[in-house]
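Here's the structure, in structure tokens; my notes come after.
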Amino acid sequence: MVDFSDPKRRPRYLTKLVMAALLTAMCVLMLTQPPCHRRASPSVFSTRQPGVTHVLLTGGAGYIGSHAALRLLKDSFRVTIVDNLSRGNIGAIKVLQNLFPEPGRLQFIQADLGDPKAVNRIFAENAFDAVMHFAAVAYVGESTLEPLRYYHNITANTLVVLEAMATHNVKTLIYSSTCATYGEPDKMPITEETPQFPINPYGKAKKMAEDIILDFSKSKKADMAVMILRYFNVIGSDPEGRLGEAPRPELREHGRISGACFDAALGIIPGLKVKGTDYETPDGTCVRDYIDVTDLVDAHVKALNKAERGRVGIYNVGTGKGRSVKEFVEACKKATGVDIKVDYFPRRPGDYAEVYSDPAKINRELNWTAQHTDLHESLRVAWTWQKAHRSGYEPPQAMIL
């Protein structure tokens, strides 16, 4: 028991008791406050730095997005990647984190663009100078099976991003679009003036997103710099072997033809399924314009560097040359050294016979020309990565919202 008979001891004891109670109350108050109400030292990502452009890269854990992040980081941009990892590979993030570990270079946030509160918080806590919007589900066949998912993921989520940009005064947008917005034109090659009549939900959702962007950019208060890049069939991987394409196993059926070729060469699947041999093309199979991912991200960086407030640029990103599926398969056999078994099936819903670009406008206005146009070489580089990463990536830690 405590003896309070000594008048000199009593005030000192009471003072300590009061101080302990106050400290306890302050700790409880701090711990029960939401994170946004706690005081913390400002992050380097939350402040603008002269001479440094901070890019929000949505979908940066994906195949194309991760390659874009690599290029931006090599070019000394500050990068924040936002990805919900529904399609992306967190292992790609680990590769980028290991390559660029310096503070203030790369930040990864796991969040869903379909959550407006999370998106608004990301914009509120970071000082973005520009947005590169890659995040999207992107399989034509899947879009015909799950159209509502595509309209929500592509069109509605783009609206969420635009609203956050407007609220937080971010004025530059580089939008990742697709040649699928053109549908199946009567005339080849496709120019930027070719009418857009998409024939599948993927292309339709992308065109709707484009329309929203263009309508907003015309409003007086927008004053935006907008670049829309409509690109064609993407192949290849990082020439130095650091990144590649590793779709989830359940998505292989809907994936790119290059992935299917490599899976067949690796023995993951028994053979390659070519869908459609009765198109009005020289050999009956679909004709596409295959663009190397290295060239594609170069186009994005050039678009970012040329973006101007109050101006909209729309560009096709392709080689200008069409290759048939049969040609592609032969190039893949040569690149892998495997005599891949090929089975032929009826057409896939939503596909079109022939699509290739006229890249004259992007050549002229952005000084961009595809450099990696050897189909065999692009596939050889991608095959090298595939052989070394048969199980894909391994996961790192991420900040989760």
Side-chain angles (χ1 to χ4, degrees), residues 62-64 87 89 91 137-146 178-180 184 200 202 232-238 241 243-293 319 321-356 372-393:
Y63 167 47
I64 300 170
R87 296 289 167 94
N89 290 285
V137 285
Y139 296 125
V140 168
E142 184 187 48
S143 78
T144 64
L145 300 173
E146 300 184 67
T178 171
C179 65
E184 192 169 14
N200 53 61
Y202 170 58
F232 290 67
N233 291 58
V234 189
I235 59 171
S237 64
D238 169 45
L243 297 170
E245 183 178 17
R248 299 180 185 279
E250 66 271 19
L251 297 172
R252 294 182 189 277
E253 180 184 352
H254 301 294
R256 305 174 201 278
I257 185 174
S258 55
C261 280
F262 295 146
D263 282 350
L266 290 168
I268 295 172
I269 57 176
L272 181 65
K273 297 179 180 179
V274 173
K275 297 180 180 180
T277 59
D278 59 347
Y279 290 100
E280 293 183 8
T281 59
D283 63 21
T285 61
C286 293
V287 171
R288 296 290 182 267
D289 189 339
Y290 295 99
I291 177 75
D292 192 286
V293 68
T319 65
K321 182 177 181 180
R323 307 285 186 89
S324 76
V325 169
K326 284 185 177 179
E327 285 182 89
F328 189 97
V329 171
E330 290 306 311
C332 195
K333 287 181 178 181
K334 182 179 177 183
T336 62
V338 178
D339 187 16
I340 299 167
K341 179 177 179 290
V342 183
D343 294 313
Y344 296 95
F345 293 86
R347 298 184 185 189
R348 182 174 62 177
D351 263 343
Y352 26 82
E354 186 177 35
V355 175
Y356 61 94
H372 302 80
T373 57
D374 185 327
L375 189 59
H376 166 259
E377 179 60 17
S378 290
L379 290 172
R380 185 197 65 77
V381 170
W383 172 243
T384 300
W385 188 89
Q386 293 290 330
K387 285 193 299 181
H389 298 82
R390 292 176 181 241
S391 300
Y393 294 102

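Predicted, not measured: the structure shown is a model, and the values here were computed from it.
Between atom CZ of residue Phe232 and atom OG1 of residue Thr178 there is a gap of 8.0 Å, rounded to the nearest 0.5 Å. Of the inter-residue distances, the one linking Leu272 atom CG with Ile269 atom CD1 reads 6.5 Å to the nearest 0.5 angstrom. Summarising the geometry, atom CZ belonging to Arg323 is positioned 9.5 Å from atom OH belonging to Tyr290; distances are rounded to the nearest 0.5 Å. Distance check: Lys387 NZ to Thr336 OG1 gives 9.0 Å after rounding to the nearest 0.5 Å. How far CD of Glu377 is from NZ of Lys334: 10.0 Å, rounded to the nearest 0.5 Å.
Under the 4.5 Å side-chain criterion, counting only non-hydrogen atoms from C-beta, Tyr356 is not in contact with Cys179. At a threshold of 4.5 Å between non-hydrogen side-chain atoms, the residues Val355 and Glu184 do not count as touching. You'll find the side chain of Ile235 stays beyond 4.5 Å of the side chain of Arg256, heavy atoms only. The side-chain heavy atoms of Trp383 and Leu266, taken from C-beta on, include a pair separated by under 4.5 Å. Residues Ser324 and Thr281 fail the side-chain proximity criterion, which asks for heavy atoms closer than 4.5 Å.
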For this session: Tell me, with the steps shown, if Thr285 and Phe328 meet side chain to side chain contact (heavy atoms under 4.5 Å, CB included).
Result: CA-CA 10 Å; Thr285 61; Phe328 189 97; over 6 Å; no
Exercise. Given Val325 and Tyr279, is the side chain to side chain contact (heavy atoms under 4.5 Å, CB included) satisfied, shown in steps?
Worked result: CA-CA 11 Å; Val325 169; Tyr279 290 100; over 6 Å; no
For this session: Might you work through the side chain to side chain contact (heavy atoms under 4.5 Å, CB included) test for Leu379 and Ser258, ending with a clear yes or no?
Result: CA-CA 8 Å; Leu379 290 172; Ser258 55; 4.2 Å; yes
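Taking the six-membered ring for Trp and thresholds of 30 and 60 degrees, His389 and Trp385 have nearly parallel ring planes, at less than 30 degrees apart.
With hydrogens and angles ignored, the 3.5 Å screen pairs no side-chain donor or acceptor of Tyr139 with any backbone N or O of Tyr202. For Glu245 (side chain) and Ser237 (main-chain N/O), no donor-acceptor pair under 3.5 Å exists by modelled atom type. In this structure, Ser378 contributes its side chain and Leu375 its backbone to no donor-acceptor pair below 3.5 Å. No donor-acceptor pair closer than 3.5 Å links the side chain of Asn89 to the backbone N or O of Gly91. Proximity of a side-chain donor or acceptor of Arg347 to a complementary backbone N or O of Asp278 within less than 3.5 Å is detected.
Between Val381 and Asp238, the shortest heavy-atom distance links the atoms CG1-O, 3.8 Å. Residue Phe262 comes nearest to Cys332 through the heavy atom pair CE2-SG, 4.0 Å, listed as atom of the first residue, atom of the second, then distance. Considering all non-hydrogen atoms of both residues, Ala331 and His376 come closest at O-CD2, 4.0 Å. For the residue pair Gly271 and Ala264, the shortest heavy atom distance occurs at C-CB, 4.0 Å.
Between Lys321 and Glu327 no salt bridge is recorded (no basic side-chain N to carboxylate O distance below 4.0 Å).
A donor-acceptor pair shorter than 3.5 Å can be found between the side chains of Asp289 and Thr319.
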